[in-house]
Q: 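Take a look at this one; I'll ask things after.
Only heavy atoms go into these numbers, but all of them, side chains included; no hydrogens, no water, no symmetry mates. Please read these numbers as outputs of a predicted model, since none were measured by experiment.
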Amino acid sequence: MRTIDTDVLVIGGGATGVGVLRDLALRGIRAALVEKGDLTHGTTGRYHGLLHSGGRYVVKDKQSASECAVENEILRRIMPHCLEDTGGFFVVTPADDEAYVPLFLKGCQETGVSVHEIAVREALRREPLLNPRISRAFEVRDGSADSFLATHSNAEDAVRHGAQVLTYHVVTGLERTGDRVTGAVCEDMRSGETVHIHTSYIVNAAGAWAGKIAELAGVKVTVVPGKGTMVAMNHRVLNTVVNRCKPPADGDIIVPIHTVAVIGTTDVHVPDPDVFGIEAWEVERMLSEGEQLVPGISKARVLRAWAGVRPLYKDQDVADDRDIPRTYKLLDHEARDGVKGMISMVGGKWTTYRMMAQEATDAVAAKLGIQAECRTHLEPLPIPAGAERKAGLYWLGKPLAAIEADSSYGHLICECELVTRERVVDAITSGKAANIDDIRRDTRLGMGPCQGGFCTYRAAALWHELKPATPPANDPPHGHAGNSVALLRHFLQERWKGLTVIAWGDQLRQARLDEIIYLDTLGLDLLPAPAPAEQNGAEMVTAHPAIATEYHAA
């Protein structure tokens, strides 16, 4: 059993939690963060990657629109390496009602969302595949964001300023003394060890799981898990974020991010944020609605589908989940429930994570009697080791330019996403990655058209080279694959979840090729899985029931 003492414990390793951790650390407050998976394992790593201009909310959710407009500009200053300035269009398609346009423009004016109309001809010049039948086009300050890189940048800066980050640690209980929460009991999911964390204050930033954490303290927080399914096309059909100029609905936006374009998203209530699936009708609707923006997109090659769960906070009855405001809310459980020592930050969006973190940290600092100003809106985030280190906004072609600059063609592990050996080695040896899926979140390995069909084996071999398993006593010294086989199987299974619902055309052919390599050429299904005792004290984390158990419909 381990014991940790800290001033503040943050629960949740998504954008908000890590943002709070950084803010606390920059103010000189001792802080630790626990996350039951890898950083960004939950909602943060599963959204479509939109840096909001605020335009999507200017009619029905003005507060969210204003917050997004403000934070959009701040994020462009402090994390340019995580953002691409794609720009954004709101377009009126033949299926949309032009009566929405004056409401949209009035909302932009009232909320400070920058917008101006451009000629349809100009919009089509910039995006030739856009529906030629659009009647109007409006330009906004949308962009795309690498939420994985941004979270790791925040975490790195927090650790640099003295904070602790404990991934794969699930909270199993909160300790109370009278009416005050005084600590948490966690389980190290890889070793099974119990960890007691004594703290003066807890920030519940668990997103869609915030209600479950609050229950451990005996308070009720109603978070509505709203599942959103997205579909990634195998290349960028657009280079600009394009929204339909209408009230938010399914499949009304396409976001170009890195090498792909993402159509999003559904909004379906699910009873549990850990148990959800991707249904065939959701994929069909994404592609069908995408046709309104890019005719013919439904016939293009689909790379994969995935879903994330929005942490929608519900403090009033609404007819539909889309009617729940996307803004955030800080819950002071001392004032609200008579329970001291804990606050919950619920709702919100990735674009407003920093603002949410600032408000939460302001509240905690006040509770602790600490007077220190927030600096997260002023100080740029560091670029993590191994990431593309050139300053400035991200642009398509930047990874290729870096590889050309240092002539590292021969060191590619993942050709689809141009991931070099140096970056994979850094992800493994830095001690942060527990499996190949963690390396994916660090580097984008396996996220391209082959979905890990080739690079997985190279990454597994590197893992075996750098972190060899301890072979059983009766095994020959060089014949034991150890953890690497288990890690390889785990990663390919995770990739397969997103392929089953889009298995047709070229992507089905790719999946069949991957299957032949796996089963027939290498016969990896015949290799024995390592026993837990052979895994260097770190079990396969996916065996733990606390990790998301999403199913995928056939």
Q: Check whether Arg176 reaches the backbone of Ala217 with its side chain - one donor and one acceptor, N or O, closer than 3.5 Å.
A: yes
Q: Just by distance, no angles: are the side chains of Thr259 and Glu417 close enough, under 3.5 Å, to form a donor-acceptor pair?
A: yes
Q: Just so I know, are the side chains of Thr376 and Arg22 near enough to count as touching, which here means a heavy-atom distance under 4.5 Å?
A: yes
Q: Do Thr199 side-chain atoms and Leu9 backbone N/O form a donor-acceptor pair below 3.5 Å?
A: yes
Q: Quick check: does any side chain N or O of Asp332 sit under 3.5 Å from a backbone N or O of Glu334, one acting as donor and the other as acceptor?
A: yes
Q: Any heavy-atom pair between the side chains of Arg56 and Phe90 that's under 4.5 Å?
A: yes
Q: Any chance the side chains of Asp142 and Ser53 put a donor and an acceptor closer than 3.5 Å?
A: yes
Q: Side-chain contact, heavy-atom cut-off 4.5 Å: Pro256 with Ser144?
A: no
Q: Do the side chain of Glu279 and the main chain of Trp281 share a donor and acceptor less than 3.5 angstrom apart?
A: no
Q: Find out whether Val171 and Val34 are in side-chain contact, i.e. whether some heavy atom of one side chain is under 4.5 Å from a heavy atom of the other.
A: yes
Q: Side chains of His152 and Asp442: closer than 4.5 Å at any heavy-atom pair?
A: yes
Q: Nearest 0.5 Å please: distance from the OG1 atom of Thr3 over to the NE2 atom of His198.
A: 5.0 Å
Q: Do the rings of Tyr57 and His52 sit parallel, tilted or perpendicular, given the 30° and 60° boundaries?
A: tilted
Q: What's the separation between atom CG in Leu378 and atom CD in Glu373, rounded to the nearest 0.5 Å?
A: 10.0 Å
Q: If every non-hydrogen atom of Gly37 is compared with every non-hydrogen atom of Thr167, which pair is closest and at what distance?
A: O-CB, 3.4 Å
Q: If the threshold is 4.0 Å, N to carboxylate O, is there a salt bridge linking Glu282 and Arg285?
A: no
Q: Are any side-chain N or O atoms of Arg304 and backbone N or O atoms of Arg495, one a donor and one an acceptor, separated by less than 3.5 Å?
A: yes
Q: Salt bridge check: are Arg160 and Glu156 linked by an N-O gap of less than 4.0 Å?
A: yes
Q: Measure the NE2-OG distance between His169 and Ser191 for me, rounded to the nearest 0.5 Å.
A: 6.5 Å
Q: Show your reasoning for whether side chain to side chain contact (heavy atoms under 4.5 Å, CB included) applies to Val241 and Asn243.
A: CA-CA 7 Å; Val241 174; Asn243 309 259; 3.9 Å; yes
Q: When rounded to the nearest 0.5 angstrom, what distance separates CD1 in Ile253 from CG in Asp250?
A: 13.0 Å
Q: Under 6.0 Å between ring centres, would you say that holds for Tyr328 and Tyr313?
A: no
Q: Checking the side chain of Thr266 only, and the main-chain atoms of Val268 only, is there a donor and an acceptor separated by less than 3.5 Å?
A: no
Q: Where is the tightest heavy-atom contact between Ala434 and Tyr168, given as atom of each residue plus distance?
A: CB-CE1, 3.5 Å
Q: I'd like to know if the side chain of Thr6 reaches the main chain of Arg30, judged simply by a donor and an acceptor atom lying under 3.5 Å from each other, with no hydrogens or angles considered.
A: yes
Q: When Tyr353 is tested against each of Val18, Leu75, Thr151 for side chain to side chain contact (heavy atoms under 4.5 Å, CB included), which residue passes?
A: Leu75
Q: Do Asp188 and Arg2 sit within salt-bridge range, that is, some charged N less than 4.0 Å from a carboxylate O?
A: yes
Q: How far does CG of Asn435 sit from CG of Asp38, to the nearest 0.5 angstrom?
A: 7.5 Å
Q: Test side chain to side chain contact (heavy atoms under 4.5 Å, CB included) on Val346 and Val221; report intermediate values, then the result.
A: CA-CA 9 Å; Val346 292; Val221 172; 3.9 Å; yes
Q: Tell me whether Ser153 contacts the main-chain N or O of Pro382 through its side chain, where contact means a donor paired with an acceptor under 3.5 Å.
A: yes
Q: Go through the steps for Tyr47 and Val309 under the test side chain to side chain contact (heavy atoms under 4.5 Å, CB included), then give the verdict.
A: CA-CA 9 Å; Tyr47 93 120; Val309 181; over 6 Å; no
Q: Pick one: which of Asn72, Thr327, Thr111 meets side chain to side chain donor-acceptor pair (under 3.5 Å) with Glu67?
A: Thr327
Q: Quick check against the 3.5 Å criterion: does Lys62 have a side-chain atom that pairs as donor or acceptor with the backbone of Val58?
A: yes
Q: Is the backbone of Leu39 close enough, under 3.5 Å, to the side chain of His41 for a donor and an acceptor to pair up by distance?
A: no
Q: Side chains of Cys68 and Gln63: closer than 4.5 Å at any heavy-atom pair?
A: no
Q: Identify whether the distance between the nearest side-chain nitrogen and carboxylate oxygen of Asp437 and Arg440 falls below 4.0 Å.
A: yes
Q: Check the pair His196 / Ile4 against side chain to side chain contact (heavy atoms under 4.5 Å, CB included), numbers first and verdict last.
A: CA-CA 6 Å; His196 283 265; Ile4 295 173; over 6 Å; no
Q: Check Lys212 against Pro273 and note the closest heavy-atom contact, atom names and distance.
A: CE-CD, 4.3 Å
Q: Taking all non-hydrogen atoms of both residues into account, name the closest pair between Ala360 and Ile343 and its distance.
A: O-CD1, 3.7 Å
Q: Do the charged groups of Lys36 and Asp274 touch, with an N to O distance under 4.0 Å?
A: yes
Q: Can you list the residues that meet the side chain to side chain contact (heavy atoms under 4.5 Å, CB included) rule with Glu215, with sequence neighbours excluded?
A: none
Q: Using 4.0 Å as the upper bound for N to carboxylate O, is an ion pair formed by Arg76 and Asp85?
A: yes
Q: So which heavy atom on Leu21 is nearest to which on Ala31, and how close?
A: CD1-CB, 3.7 Å
Q: Can you measure from CZ (Arg180) to OH (Tyr201) and round to the nearest 0.5 angstrom?
A: 7.0 Å
Q: Quick check on side chain to side chain contact (heavy atoms under 4.5 Å, CB included): which of Asp23, Ile74, Thr16, Asn154 does Arg354 satisfy it with?
A: Ile74
Q: Is the NZ atom of Lys340 crowded by more than 12 outside heavy atoms at less than 6.0 Å?
A: no
Q: Less than 4.0 angstrom from a charged side-chain N to a carboxylate O is my criterion; do Asp7 and Arg27 meet it?
A: no
Q: Under the salt bridge (Lys or Arg N to Asp or Glu O under 4.0 Å) rule, what do Arg423 and Asp426 come out as? Steps first, then yes or no, please.
A: CA-CA 5 Å; Arg423 294 183 61 196; Asp426 181 74; over 6 Å; no
Q: Within a strict 4.5 Å, meaning less than it, do heavy atoms of the Val140 and Ser114 side chains meet?
A: no
Q: Would you call Glu73 and Arg141 a salt bridge, using N to O less than 4.0 angstrom?
A: yes
Q: Provide the closest heavy-atom pair for Ala69 versus Gly112 in the form atom of the first, atom of the second, distance.
A: CB-O, 3.8 Å
Q: Please walk me through it: do Ser344 and His333 pass side-chain hydrogen bond (donor to acceptor under 3.5 Å, both in side chains)?
A: CA-CA 8 Å; Ser344 294; His333 293 297; 2.7 Å; yes
Q: Taking the side chain as every heavy atom from C-beta outward, state whether Glu379 and Ile78 have any pair of such atoms under 4.5 Å apart.
A: no
